Amino acid sequence: MFGRDPWGGPLEISNADSATDDDRSRDLDRGALMRQLDETQQSWLLAGPGDQAGKKKKKYVDLGCMVLDRKIFMWTVGTILGVGLFIGFVMMIVKLVPHKHPPPPPPDQYTQALHKALMFFNAQRSGPLPKHNGVSWRGNSCMKDGLSDSTVRKSLVGGFYDAGDAIKFNYPMAWSMTMLSWSVIEYKAKYEAIGELDHVKELIKWGTDYLLKTFNSSADTIDRIVAQVGVGDTSKGGAQPNDHYCWMRPEDIDYPRPVTECHSCSDLASEMAAALAAASIVFKDSKTYSDKLVRGAKALYKFGRLQRGRYSPNGSDQAIFYNSTSYWDEFVWGGAWMYFATGNNTYLSVATAPGMAKHAGAYWLDSPNYGVFTWDDKLPGAQVLLSRLRLFLSPGYPYEEILRTFHNQTDNVMCSYLPMYNSFNFTKGGMIQLNHGRPQPLQYVVNAAFLASLYSDYLDAADTPGWYCGPTFYTTEVLRKFARSQLDYVLGKNPLKMSYVVGFGNKYPKRAHHRGASIPHNGVKYGCKGGFKWRETKKPNPNILIGALVAGPDRHDGFKDVRTNYNYTEPTLAANAGLVAALISLTNVHVKSGIDKNTIFSAVPPMFPTPPPPPSAWKP
């Protein structure tokens with residue numbers, strides 16, 4: 001086919017010119033392929049469909065706050081786990097490989113002395129001794145006490161001998177048990193830290209088990225109690241053997257041991273009630289025994305309140321050795337302990353009655369013995385104990401008036417212990433003369449040290465930095481300094497450089513006035529008078545009476561280590577109880593706080609009733 005070309009010349013239309021648009025498009029593609037391609041374009045063309053599908057897209061991890069590449073995330077996690085495993089492996093090796101620890105610091109001198117002071121009570125045990133008693137020269141003794149007395153006919157075996165003899169005086173023995181219990185209630189954590197808690201509780205129970213035998217402890221109302229087992233008076237002449245007429249080991253005693261009962265003895269009954277009540281708090285986790293102690297304490301305190309009288313009438317054996325000057329202080333002391341043991345406000349009302357405080361001597365500020373805490377005068381201890389109640393619970397009306405008075409008077413007593421106030425003289429060596437230069441001073445010294453140390457702990461626990469003596473403010477550390485100074489004197493920081501605790505330190509009394517310690521434990525029985533050769537000898541005791549606090553030096557810091565002079569060398573149960581309490585209060589162990597604030601209040605109900613719940617929402 002031919003046509004006319006508008007630009008000149010013929011227009012030829014061939015079969016090729018008649019191709020479709022699709023054919024022309026394919027021809028253009030071939031032409032494009034024939035052109036030179038760059039590398040990127042070639043790679044696109046060379047990569048087939050299969051290759052494009054096989055190439056993976058990057059994956060990411062969404063952490064919420066950020067998005068991370070999955071590879072980086074996995075690498076990071078793996079690194080952390082690896083480092084953790086490595087550190088754990090190193091720590092395991094450190095723990096498994098044996099290595100030396102630095103030894104713990106040695107116990108302070110108060111702790112060392114305390115271990116020994118408690119052993120004195122082991123040496124004073126009467127009756128069948130436990131196998132673990134730990135005093136090799138002691139054995140079973142006085143196994144027929146009470147049974148051999150025709151007027152009593154009941155077992156009074158057990159308890160503790162009072163001093164260097166074998167008499168069981170219930171009045172100072174009960175006070176000693178109260179003191180030990182008080183120290184455990186306040187400083188249980190310390191006893192546990194030094195490994196003596198079980199020991200001291202065992203000693204307390206040994207005493208309270210015996211006290212429960214001395215009256216009808218299963219009854220709610222009683223009419224008599226045992227005051228004493230054994231006799232010591234030799235002033236009436238004659239050759240009747242007794243505990244002072246003879247010098248024998250307790251294990252060898254074969255003479256009669258009379259029992260003394262009393263029917264109107266408010267002081268003894270109230271002190272025994274205090275002992276059982278305080279012990280019931282110590283043993284509160286043993287409900288059956290604690291309840292038994294509380295029941296006995298109630299009967300004793302009731303008996304003491306109803307049958308008024310002193311346990312030591314003039315001329316009696318009790319009056320010669322442990323005379324009681326009054327029973328009003330025991331009413332306050334015993335009432336306070338009964339309240340803490342039962343939570344019954346009736347006992348607190350008795351202890352805080354204004355008339356009771358007056359009769360007990362709370363206002364006898366000019367008395368030379370005001371503030372001297374002893375087995376006879378419990379008022380200073382009762383005032384400290386009731387100040388505790390005001391500091392931590394503050395029961396308010398109607399008790400506040402007397403509690404505030406006792407609190408103020410406790411402050412005054414603490415002031416009287418300080419040398420600058422001249423209430424008491426001090427020896428040149430630094431010992432406070434609470435008994436005004438009379439013999440056997442250390443029993444009073446350790447009691448004052450205990451009250452001062454304990455009261456400072458009360459103030460600290462109440463977030464009170466100190467107390468006032470008139471216009472002058474003193475910190476609690478001043479009280480502790482006084483307490484430490486007195487115990488340091490007892491333990492050897494005195495002009496003679498002598499420890500007055502047997503077995504403690506390098507220099508201590510070797511001739512304690514004590515029958516069991518002075519007579520050899522050699523299988524030979526020495527009769528009533530046969531043992532006196534051991535009393536008179538100047539040789540040291542063959543048996544060391546570990547932990548015994550002897551009577552102490554004179555007003556000039558002098559001391560005679562002579563067995564025959566009991567004013568220097570005789571130890572007593574009451575003195576050692578005060579020593580133990582003072583030592584544990586100052587023992588330096590790592591516990592959370594100085595005292596246990598709450599245990600003593602276990603039986604006390606809430607001071608103020610719980611408010612009622614709010615009313616339910618109003619509904620129309």
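Just so it is clear, the structure is predicted and the values come from calculations on it, not from any experiment.
Comment: R388 engages E186 in a salt bridge, judged by a side-chain N to carboxylate O separation of less than 4.0 angstrom. Taking 4.0 Å as the cut-off between side-chain N and carboxylate O, R480 and D457 count as a salt-bridged pair. Salt bridge E196/K201: absent, no basic N to carboxylate O contact under 4.0 Å. Salt-bridge formation is not detected for the pair R484/D488: no Lys NZ or Arg NE/NH1/NH2 atom is positioned less than 4.0 Å from an Asp or Glu carboxylate oxygen. Salt-bridge formation is not detected for the pair D329/K378: no Lys NZ or Arg NE/NH1/NH2 atom is positioned less than 4.0 Å from an Asp or Glu carboxylate oxygen. With respect to the salt-bridge test (charged N to carboxylate O, under 4.0 angstrom), the residues K168 and D243 do not qualify. With salt bridges taken as basic N to acidic carboxylate O contacts below 4.0 Å, none links D267 and R310. Look at D291 and K287 and you find a salt bridge, because one of the NZ, NE, NH1 or NH2 atoms lies within 4.0 Å of a carboxylate O, short of that distance.
Ring-plane geometry between W137 and H514 is classed as perpendicular, the angle between the planes exceeding 60 degrees on a 0 to 90 degree scale with a lower cut at 30. Ring planes of F321 and F169: tilted class, angle from 30 to 60°. Aromatic ring pairs are classed by plane angle as parallel below 30°, tilted from 30° to 60° and perpendicular above 60°; the pair Y526 and W534 is perpendicular.
No hydrogens or angles considered: a donor-acceptor pair under 3.5 Å links the side chains of Y489 and D557. Remark: the N170 side chain and the Y210 side chain contain an N/O donor-acceptor pair separated by less than 3.5 Å. Under 3.5 Å, the side chains of S126 and Y161 contain a donor-acceptor pair of N or O atoms. For the residue pair D376/T374, the side-chain donor-acceptor check at 3.5 Å is not satisfied. Under 3.5 Å, the side chains of T587 and Y187 contain no donor-acceptor pair of N or O atoms. With hydrogens and angles left out, the side-chain atoms of N133 and R138 include no donor and acceptor closer than 3.5 Å. Judged by distance alone, the side chains of E271 and T178 do bring a donor and an acceptor atom under 3.5 Å apart. Using a 3.5 Å distance cut-off with no hydrogens or angles, the side chains of D460 and Y455 do not pair a donor with an acceptor. A donor-acceptor contact closer than 3.5 angstrom links the side chains of N216 and S218.
For the atom pair OH (Y110) and CG (L487), the distance works out to 6.0 Å, reported to the nearest 0.5 Å. Remark: L293 CG to L211 CG distance equals 9.5 Å, nearest 0.5 Å.
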(request) Determine, stepwise, if the pair Y322 / Y171 fulfils ring-ring contact (aromatic ring centres under 6.0 Å, His included). (result) CA-CA 8 Å; Y322 284 100; Y171 189 50; 7.6 Å; no

(request) Please test D317 against Q228 for side chain to side chain donor-acceptor pair (under 3.5 Å), starting from the C-alpha separation and ending with a verdict. (result) CA-CA 9 Å; D317 219 52; Q228 180 177 321; 2.7 Å; yes

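The stretch residues 498-508 participates, sequence neighbours left out, in no salt bridge (Lys or Arg N to Asp or Glu O under 4.0 Å) pair at all.
By the 6.0 Å and 45° rule, K529 stacks over the aromatic ring of Y245.
The ring of W182 has its center closer than 6.0 angstrom to the ring center of F450. Side-chain rings of Y301 and W337 stay apart, their centers remaining 6.0 Å or farther from each other. In this structure, Y311 has its ring center at least 6.0 angstrom away from the ring center of Y327. Between Y508 and Y500, a ring centre-to-centre spacing not shorter than 6.0 Å is recorded.
Checked against disulfide bond (SG atoms under 2.5 Å apart), C246 has the following partners two or more places apart in sequence or in another chain: C528.
Atom OH of Y566 has 12 or fewer neighbouring heavy atoms from other residues, nucleotides or ligands inside a 6.0 Å radius. Atom CD1 of I544 has 12 or fewer neighbouring heavy atoms from other residues, nucleotides or ligands inside a 6.0 Å radius. Heavy-atom contacts from other residues, nucleotides or ligands closer than 6.0 Å to NZ of K525 number more than 12.
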Distance-only criterion, 3.5 Å: show the donor-acceptor pairs between side-chain atoms of residues 571-583 and protein atoms not counting sequence neighbours.
from	atom 1	to	atom 2	distance (Å)
T572	OG1	A575	N	3.1
N576	OD1	L549	N	2.9
N576	ND2	A117	O	3.2
N576	ND2	G547	O	2.8

